[in-house]
Amino acid sequence: MDVELAQERMLLLADRFSMDLAEGRAWTRRTDAFGTMAKIGSFLSRPKDEDFETVYRERRLQPFYHIACTTTMTYERAKDYRVPVDSNVIQVEADGKTHAVDTGAFIISGTERCHDEVHRAAYYDAISGQAEPGAALYLGHSSTLIDAEILARTAADGAVVVPPQAKASMLVRDVLANSIERITADRVLEERLSIHHIDLYYRPVYAFRYRWQGKEAVVEFDGVTGETKVGGSTFEQFLGRAVDAEFLINAGVEAAGILIPGARLAEIVISKSIKAAKAK
């Protein structure tokens, strides 16, 4: 099998909003964040602004993976075709051969040439490793290529850069496994696996944790779409910590090597291309 591997990339989605705007939008959802009890209390006696305390706020870069590949198979297989004929036909001359008729049909043998292409695109939460198909909508927004230095500067400026916990090579392996389908073939003419994208995206998220009557709740604001939602998490444990980009290196090669014997022969080429890109 021929294997074509894309170079792993990191991309940063453009932040379309400011902290002040995000905090203002989140503040309007603070009562919702505390659930039914807060809504009942609001109905009976509307809570005052001073009843709520903002105990923590953050702007973070939250990661997800976009992985896409195509498998291409061209192959041949022998096939017998049953050709129906009229009830009074007892034999048929075709292609210089005599074919006997049995139960109203005769059999002709041939060779089929088949071409299959299977496209797969998957999105994963880079923290939990769970499928996140909704992340596909972010690809319609502006993004820029980044590297570890840019992430380090962003963290130094006060943003929380959340490191991916899910291993890229394992996610790539899952996508590949779902892309390789079983075929019936007598001769394989072409067998190619192309991994188009192994991309780690970072998207801006604003999060605000409020305290009310001794309880705490979080409201998040999406820095790309402008959507506000109650619930979620904060990641202050990563505040000021830089992210090591080495987790992406050779992710495609490792995954292909698990599924396809000999695929690691491409590792030297891939490693050199990554080093060359860093040197530019």
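Being a predicted model, the structure only gives us computed values, none of them experimental.
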Just to verify, what does F221 make a ring pair (Phe, Tyr, Trp, His ring centres under 6.0 Å) with, not counting sequence neighbours?
F17

Run the salt bridge (Lys or Arg N to Asp or Glu O under 4.0 Å) test against E216 and tell me which residues pass, sequence neighbours left out.
R209, R211

Contacts satisfying side chain to side chain donor-acceptor pair (under 3.5 Å) that involve residues 148-159 (not counting sequence neighbours) are none

With sequence neighbours left out, what residues match Y210 under ring pair (Phe, Tyr, Trp, His ring centres under 6.0 Å)?
W27

Hey, what do you get for CD (E8) to CD1 (I198), rounding to the nearest 0.5 Å?
4.5 Å

Apart from I90 itself, what residues make up its hydrophobic cluster, given side-chain heavy atom links below 4.5 Å?
none

Quick one: name the residues clustered hydrophobically with F64, using the 4.5 Å side-chain heavy-atom rule over I, L, V, M, F, W, Y, and just say none if it's on its own.
L11, L13, Y123, L137, Y138, L139, L145, Y201, V224

Output every pair passing ring pair (Phe, Tyr, Trp, His ring centres under 6.0 Å) with a member in residues 149-181, not counting sequence neighbours, ordered by first then second residue.
none

For the residue pair L171 and A166, what are the closest heavy atoms and their distance?
CD1-CB, 4.1 Å

Are the side chain of Q165 and the backbone N or O of P163 linked by a donor-acceptor pair below 3.5 Å?
yes

Solution key, residues 96-108 side-chain donor-acceptor pairs under 3.5 Å, sequence neighbours excluded:
from : atom 1 : to   : atom 2 : distance (Å)
T98  : OG1    : E93  : OE1    : 3.1
T98  : OG1    : E93  : OE2    : 2.5
H99  : ND1    : I107 : O      : 3.3
H99  : NE2    : A94  : O      : 3.4
T103 : OG1    : R82  : NH2    : 3.3

Taking side chain as C-beta onward, heavy atoms only, is D15 less than 4.5 Å from Y206?
yes

Sidechain N-carboxylate O distance under 4.0 Å for R203, E227:
no

Checking the side chain of Y75 only, and the main-chain atoms of E191 only, is there a donor and an acceptor separated by less than 3.5 Å?
no

Output every pair passing ring pair (Phe, Tyr, Trp, His ring centres under 6.0 Å) with a member in residues 141-197, not counting sequence neighbours, ordered by first then second residue.
H66-H197

Partners of E23 by salt bridge (Lys or Arg N to Asp or Glu O under 4.0 Å), sequence neighbours excluded?
R57

Those residues at least two apart in sequence (or on a different chain) that pass salt bridge (Lys or Arg N to Asp or Glu O under 4.0 Å) with R16 are none

Do the side chain of T71 and the main chain of S179 share a donor and acceptor less than 3.5 angstrom apart?
yes

Could you pull out all residues at least two apart from R113 that satisfy salt bridge (Lys or Arg N to Asp or Glu O under 4.0 Å)?
E76

